[in-house]
Amino acid sequence: MRKVNKINIPSLEKARLRNKESLTYIYSHSIDDELKSKFEGKKFFIRTYGCQANVRDEEVMAGILSSIGMERTENKSETSVAILNTCAVRENAEDKVYGEIGEFKALKNKNKDLVLCICGCMIEQSHIIDFILSTYPFVDIMFGTHNIQDLAILLKEYIKKEEIIIDVESKVGDIYEELPSKRNSSFKAFVNISYGCNKFCTYCIVPYTRGKERSRKMEDILKECKELVDLNYQEITLLGQNVDSYGNDLNDGSTFAKLLEEVAKLGIPRLRFLTSYPSDFKDEVIDVIRKYPNIMKYLHLPIQSGSDEVLKMMGRRYDSKQYLALVDRIKAKIPEMAFSTDIIVGFPNETYEQFLDTIKVSEIVGYTSAFTFIYSPRKGTPAARLKDNVTYEEKVKRFKELVKSLEVSFDEKAKEMVGKTYECLVEGPSKKNSDILAGYTENMKTVLFKGDTCLIGKIVKVKILESHLYSLVGEVIYE
Ligand code: SAH
Ligand code: SF4
Ligand code: F3S
């Protein structure tokens with residue numbers, strides 16, 4: 001048995017606190033020469049689960065490891081440092097991670113120098129750390145979402161003593177600027193505008209794993225976006241668990257509407273943002289979206305449920321009427337706006353009638369796409385303590401019924417696109433056929449078409465020829 005060095009262990013109790021102490025903005029980061037000599041030329045592997053916040057964290061970790069001279073690999077058997085960047089939002093996300101940790105047992109036996117790190121939202125929970133320690137004792141380092149900037153320091157500690165290291169701070173969080181970062185794409189980028197979440201929806205683990213909602217300073221966000229524009233990036237997505245409350249903690253007049261407008265003015269060809277919270281969404285944002293053609297007319301607006309009783313139980317601070325009124329105000333000013341959403345089916349004690357309310361509201365909105373989930377109890381959240389009278393089989397049945405109903409609207413929206421020409425950002429060869437390129441439209445529909453690989457990373461005009469439920473087929477229009 002190896003010794004376990006618990007530098008900090010997580011506490012959901014502490015993570016729940018939202019104290020008033022002011023944030024620290026940290027602008028410096030130093031790289032260790034000792035680590036360079038140890039890791040220079042060696043390979044690292046990172047697998048990320050979960051949302052774009054995690055993807056952006058992956059880019060920072062890749063930046064830190066590159067700065068000590070390492071190179072990325074997708075081949076686990078040649079790697080010296082492996083990182084699994086985990087998600088805790090639903091049980092099935094966690095199960096996938098456990099499957100992959102298991103695979104490392106044989107690799108660690110073959111390669112004694114391989115350092116296996118697990119980080120991300122799962123590690124913010126002490127019961128998960130205990131489970132990993134007892135089930136996968138070959139894991140070397142576990143660190144939390146607030147400890148990413150210390151990756152190099154943790155590696156150094158580990159090499160010195162070869163004890164298992166656990167460093168998970170449960171705190172409101174600081175803001176680190178100017179950390180090294182190696183972006184996954186050379187043409188589309190994600191830019192954090194705020195971290196954490198204060199909403200505490202009763203089913204959700206994110207406010208515990210990501211800390212207090214805290215906004216980056218507008219000038220720092222604009223500087224990062226300007227650099228991306230100068231590097232010829234084609235698309236920026238501004239990220240926050242609730243973008244609409246951006247600036248509330250800054251007390252300098254910064255709002256999301258102002259920020260969005262300033263970023264749009266930098267001239268990035270495509271600008272998006274994620275995620276909007278219905279009752280925090282301000283009408284000024286509608287005007288900004290309308291004013292700038294480079295802000296995509298696509299809005300991800302999670303409804304979660306169409307039943308007012310269920311929304312209340314979920315701790316969502318709007319009802320279906322307010323949600324639909326917002327959608328109407330947006331449609332009135334921007335008729336071409338496409339809507340997508342997140343929906344949870346089978347919240348504890350949801351009745352069939354309440355479930356049908358979700359279908360009804362969805363039909364009124366007419367979503368172009370949607371992310372649908374079966375409710376998954378998350379330890380430590382208020383909803384997980386509720387006794388539930390709905391069986392899992394019933395939840396699966398409702399889930400299938402919801403998807404079928406949503407697909408009617410997806411299909412309708414896709415059919416309306418046939419015969420018209422849309423701009424597509426070309427992502428790369430299609431997953432199924434490398435002779436075909438895949439791109440996506442302003443409303444996030446995937447389009448498949450023939451074309452030269454030199455188009456990858458560019459925005460091209462594509463005429464839509466056929467529509468399928470989840471993709472479209474088109475031809476490039478050369479002008
Ligand atoms: N901040 C964003 C994203 C949060 S996580 C937002 O508020 O929309 C992404 C989605 O996962 C949520 O919108 C919700 O639909 C889903 N989700 C969160 N917790 C869940 C749980 N315990 N069970 C099932 N789905 C969940
Ligand atoms: Fe979770 Fe709600 Fe915060 Fe979204 S707004 S991250 S669903 S608590
Ligand atoms: Fe998952 Fe954490 Fe994102 S729980 S959805 S990776 S904030």
Side-chain angles (χ1 to χ4, degrees), residues 10 12 15 44-66 72 74 76 81-101 104 116-125 128-129 132 139 141-151 154 167-171 173-176 179-185 188-197 199 201 203-214 216 224 235-243 272-275 300 302 342 371 373 376 378 381:
L12 284 190
F44 69 88
F45 169 93
I46 308 184
R47 167 99 61 231
T48 289
Y49 297 83
C51 68
Q52 299 309 336
N54 256 17
V55 174
R56 191 67 196 114
D57 286 348
E58 164 185 323
E59 293 177 340
V60 169
M61 292 190 279
I64 293 174
L65 295 178
S66 302
R72 188 165 186 152
E74 296 308 316
K76 289 178 198 166
V81 174
I83 301 177
L84 302 183
N85 186 18
T86 65
C87 170
V89 82
R90 282 170 293 275
E91 193 177 349
N92 57 3
E94 296 187 344
D95 290 344
K96 281 191 221 151
V97 172
Y98 289 132
E100 190 155 23
I101 302 179
F104 274 94
L116 177 58
C117 312
I118 320 280
C119 65
C121 290
M122 276 171 77
I123 300 303
E124 292 288 326
Q125 304 163 88
I128 294 203
I129 293 199
I132 292 177
V139 170
I141 305 177
M142 290 186 246
F143 59 97
T145 59
H146 299 295
N147 305 80
I148 281 171
Q149 65 288 342
D150 297 332
L151 173 58
L154 294 172
D167 193 8
V168 188
E169 281 178 275
S170 297
K171 57 177 187 179
D174 299 316
I175 292 195
Y176 288 85
L179 289 175
S181 146
K182 210 163 169 58
R183 291 189 185 270
N184 290 338
S185 164
K188 59 182 239 191
F190 296 96
V191 172
N192 289 311
I193 64 167
S194 60
Y195 302 95
C197 182
K199 282 284 183 260
C201 303
Y203 50 81
C204 186
I205 196 72
V206 173
Y208 306 83
T209 64
R210 290 273 164 189
K212 182 172 161 172
E213 183 179 276
R214 50 215 191 272
R216 290 179 70 195
E224 183 176 343
E235 183 175 282
I236 288 178
T237 305
L238 303 177
L239 289 182
Q241 296 297 344
N242 174 8
V243 292
R272 302 179 181 279
F273 53 89
L274 276 176
T275 302
H300 183 64
D342 287 351
F371 299 87
F373 312 104
S376 170
R378 303 288 72 210
T381 61

Taking the side chain as every heavy atom from C-beta outward, state whether Lys76 and Glu100 have any pair of such atoms under 4.5 Å apart. yes
Would a 4.5 Å heavy-atom cut-off, applied to side chains only, mark Ile205 and Cys121 as touching? no
If you draw a 6.0 Å radius around NZ in Lys199, do more than 12 non-hydrogen atoms from other residues or ligands fall strictly inside? yes
With heavy-atom distances below 4.5 Å as the criterion, would you say the side chains of Arg378 and Tyr208 are in contact? no
Are side-chain heavy atoms of Tyr203 and Phe373 found at a separation under 4.5 Å? no
If we ignore angles and hydrogens, is there a donor and acceptor under 3.5 Å between the side chains of Ser66 and Arg72? no
Please report the closest heavy-atom contact between Glu124 and Pro10, naming both atoms and the distance. O-CB, 3.2 Å
Validation row: Val60, Tyr176 side chains within 4.5 angstrom (heavy atoms): no
Val97 and side chain to side chain contact (heavy atoms under 4.5 Å, CB included): which partner among Ile123, Ile132, Thr86? Thr86
Could you check Arg183 against Glu235 for salt bridge (charged side-chain N to carboxylate O under 4.0 Å, His left out), going step by step and ending with a plain yes or no? CA-CA 13 Å; Arg183 291 189 185 270; Glu235 183 175 282; over 6 Å; no
Lys188 side chain near Thr237 side chain, heavy-atom distance below 4.5 Å: no
So CZ of Phe44 and CG of Leu151: to nearest 0.5 Å the spacing works out to 9.5 Å
Any side-chain heavy atom of Val139 within less than 4.5 Å of one from Leu84? no
Could you tell me whether the side chain of Asn184 reaches within less than 4.5 Å of the side chain of Glu58, counting heavy atoms only? yes
With a 3.5 Å cut-off and no angle check, do the side chains of Asp174 and His146 form a donor-acceptor pair? no
With distance as the sole test, does Thr145 use its side chain to make a donor-acceptor pair with the main-chain N or O of Thr209 at under 3.5 Å? yes
